[in-house]
K.L.:
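This structure is in structure tokens; I'll ask about it shortly.
Below, chains carry the letters A, B, ... as their sequence lines are ordered, and counting in each starts from 1.
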2 protein chains.
Amino acid sequence: MAALTTPRALRTRARILDAALDLFEHQGYDATTVTQVADAAGVTQMTFFRHFPTKDAVLVSDPYDPLIAEAVGAQPRGLPPFERVRRGMLAALATIGPVEDATARRRVALVARLQRDAPALRGAVVAATGATEDAIADRLAADGTPPLDARVAAAACLGAATAALLALPDDGRPLADAVTHALRLLGPPDDATTTGTTAAGRERS
Amino acid sequence: MAALTTPRALRTRARILDAALDLFEHQGYDATTVTQVADAAGVTQMTFFRHFPTKDAVLVSDPYDPLIAEAVGAQPRGLPPFERVRRGMLAALATIGPVEDATARRRVALVARLQRDAPALRGAVVAATGATEDAIADRLAADGTPPLDARVAAAACLGAATAALLALPDDGRPLADAVTHALRLLGPPDDATTTGTTAAGRERS
DNA sequence: ACGGAAATGTGAGTGACTCACATTTGGGCT
DNA sequence: AGCCCAAATGTGAGTCACTCACATTTCCGT
């Protein structure tokens, strides 16, 4: 898949995305065919697939991989890998402004709704976070964490975050709050919740 | 999908499963068509789909849902939900004998291998554990845990377990050991809750 | 404005999955 | 053993996601 970064291509991509979200919202995911989306966007089926590798990709693209991996790497190396991923993700979330949150929220809410009539989407979402999982695991492994441990830690945190997003209540609170809440649930109960604290003993090296 | 519990049906199912595993193993997942599998099993494509709802289902069927949900429910209610799921899964694993472990191991190893040339399988595996996630979350919610918290706890533990199985090393140790190790990684490092030693490898960076 | 690369279209094809309906087969019962 | 009926399987045709090789258009920079 070549870049598709030209102004024209970006416009086309946006049109496809809009058309897809509208159709999915109005008539459901399974009931909407790729050809319908393409037609509504004034485009061919072929062009659709040039912009999105699969039908689900319209819903589950996920640009946050490198940001998170970096934040994880920035956590102190002495921590157990799971704790390191958890704190890294919390730190990364703190840097996401409420601006793009609005559009992301609409996307997430739609996926959460559609998921009921198209359970296959759950798999698609996880498959999409696969890249993020790889990035985190690689980052940890680069610091000496055993690869299997790194992967397990990443998978657990991402699983929790994904579950929180898909089960999102319809209140107006920012997405990051839901994920933060989820990650806190995985932490030690005695942990003072905000930034400064440790309580997870056992430092190494 | 009616039951398909007749002796004859069970034989057919076994033939399809054998044929599928053989073909996947020899020529890869994507390169194997459902029709090939059906032919090799002396059966029609239609019959294949009557026994397995999708092509991936041959690889990722998962009969352990109720067992795990029950074990989770049996853990003390005072614990935080995440800890309750973690201990419940560890308890459930302890009850699985090494007998069926052998066949399960072959299946898991095959999926882990195939996953490299067919990344879509990762999503399929997770989608298959969706039922288990639901069962655990429902069980917790029945005891008063907020639904969202329950789902997050279940997702985190299942994510860790799945990651451990898919990244399984080829040593001869039982599957349960790998999952146990993964779940221990999510616990507090000073934890002595369950018997035995982890020997969590102390690696240097 | 213009040349050329990047984006899009065409047409045909494959494979997973579904449905309505006809046909066979096996196994419980007497 | 042998009938009989339900359960299992087959037939044929169809839909939709996704792919490829190649022709054609569009617009962006110089």
K.L.:
In the structure I gave you, are the side-chain heavy atoms of H181(A) and L148(B) within less than 4.5 Å of one another anywhere?
P.N.:
yes
K.L.:
Any chance you could measure L10(B), atom CG, to L17(B), atom CG, to the nearest 0.5 Å?
P.N.:
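Separation between the atoms: 12.0 Å.
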K.L.:
Expressed in angstrom and rounded to an integer, what is the separation of L10(B) atom CG from dA7(D) atom P?
P.N.:
15 Å
K.L.:
When you get a sec, tell me which of dA16(C), dC18(D), dG9(C) is the closest nucleotide to the side chain of V43(A)?
P.N.:
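Selected nucleotide: dG9(C).
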K.L.:
More 5' along DNA chain D: T44(B) or D56(A), using each one's nearest nucleotide?
P.N.:
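It is T44(B) whose nearest nucleotide is closer to the 5' end.
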K.L.:
Ignoring backbone atoms, test whether R13(B) places a side-chain nitrogen or oxygen under 4.0 Å from the OP1 or OP2 oxygen of dT9(D).
P.N.:
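R13(B) to dT9(D) OP1/OP2: no side-chain N or O under 4.0 Å.
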K.L.:
Round to a whole Å and report the spacing from CG of L23(B) to P of dG15(C).
P.N.:
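Taking atom P of dG15(C) as the reference, CG of L23(B) is at 14 Å.
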K.L.:
Taking the nucleotide of DNA chain D with the nearest heavy atom to each, does M46(A) or M46(B) sit closer to the 5' end?
P.N.:
M46(B)
K.L.:
Please give, in whole Å, the distance from dT15(D) P to F49(B) CZ?
P.N.:
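F49(B) atom CZ is separated from dT15(D) atom P by 17 Å.
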K.L.:
Quickly, which of V125(B), T129(B), V108(B) forms a side-chain contact (heavy atoms from CB on, under 4.5 Å) with V60(B)? Name it, please.
P.N.:
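Exactly one candidate clears the test, V125(B).
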K.L.:
Ignoring hydrogens and geometry beyond distance, is the side chain of R50(B) in donor-acceptor contact with the base of dG10(D) at under 3.5 Å?
P.N.:
yes
K.L.:
I'd like to know whether Y29(B) forms a side-chain contact (heavy atoms from CB on, under 4.5 Å) with Q115(B), so could you lay out the CA-CA distance, the side-chain angles of the two residues, the decisive distance to 0.1 Å, and finally the verdict.
P.N.:
CA-CA 9 Å; Y29(B) 180 79; Q115(B) 189 194 351; over 6 Å; no
K.L.:
OP1 or OP2 of dA6(D) less than 4.0 angstrom from a side-chain nitrogen or oxygen of R8(B), does that happen here?
P.N.:
no
K.L.:
Atom CZ of F52(A) and atom P of dT8(C): how far apart are they, to the nearest Å?
P.N.:
11 Å
K.L.:
Taking CD from Q27(B) and P from dG15(C), how many angstroms apart are they, rounded to a whole number?
P.N.:
12 Å
K.L.:
Considering just the side-chain nitrogens and oxygens of T33(B), establish if one lies under 4.0 Å of OP1 or OP2 belonging to dG15(C).
P.N.:
no
K.L.:
So, does H51(A) get its side chain near the phosphate of dA7(C), meaning an N or O under 4.0 Å from OP1 or OP2?
P.N.:
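Indeed not, no polar side-chain atom of H51(A) lies that close.
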K.L.:
Tell me the interatomic distance from I16(B), atom CD1, to dG10(D), atom C1', rounded to whole angstroms.
P.N.:
13 Å
K.L.:
Just how far, in rounded Å, is P of dA8(D) from CZ of R15(B)?
P.N.:
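Interatomic distance, CZ of R15(B) to P of dA8(D): 14 Å.
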K.L.:
Write down the distance between CG (D30(B)) and P (dA16(C)), rounded to a whole number of angstrom.
P.N.:
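One finds 9 Å between P of dA16(C) and CG of D30(B), rounded.
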K.L.:
Side-chain N or O of T47(B) less than 4.0 angstrom from OP1 or OP2 on dT9(D)?
P.N.:
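Looking at the OP1 and OP2 atoms of dT9(D), neither is under 4.0 Å from any side-chain N or O of T47(B).
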K.L.:
Are the charged groups of D177(A) and R184(A) less than 4.0 angstrom apart, N to O?
P.N.:
no
K.L.:
Given dT9(D), is OP1 or OP2 found less than 4.0 Å from the side-chain N or O atoms of T12(B)?
P.N.:
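True: T12(B) side-chain N/O within range (under 4.0 Å) of dT9(D) OP1/OP2.
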K.L.:
Nearest heavy atom decides the nucleotide; on that basis, is K55(B) or P7(B) closer to the 5' end of DNA chain C?
P.N.:
K55(B)
K.L.:
If you check every side-chain atom of Q45(A), which of dC17(C), dC18(D), dG27(C) has the closest atom?
P.N.:
dC18(D)
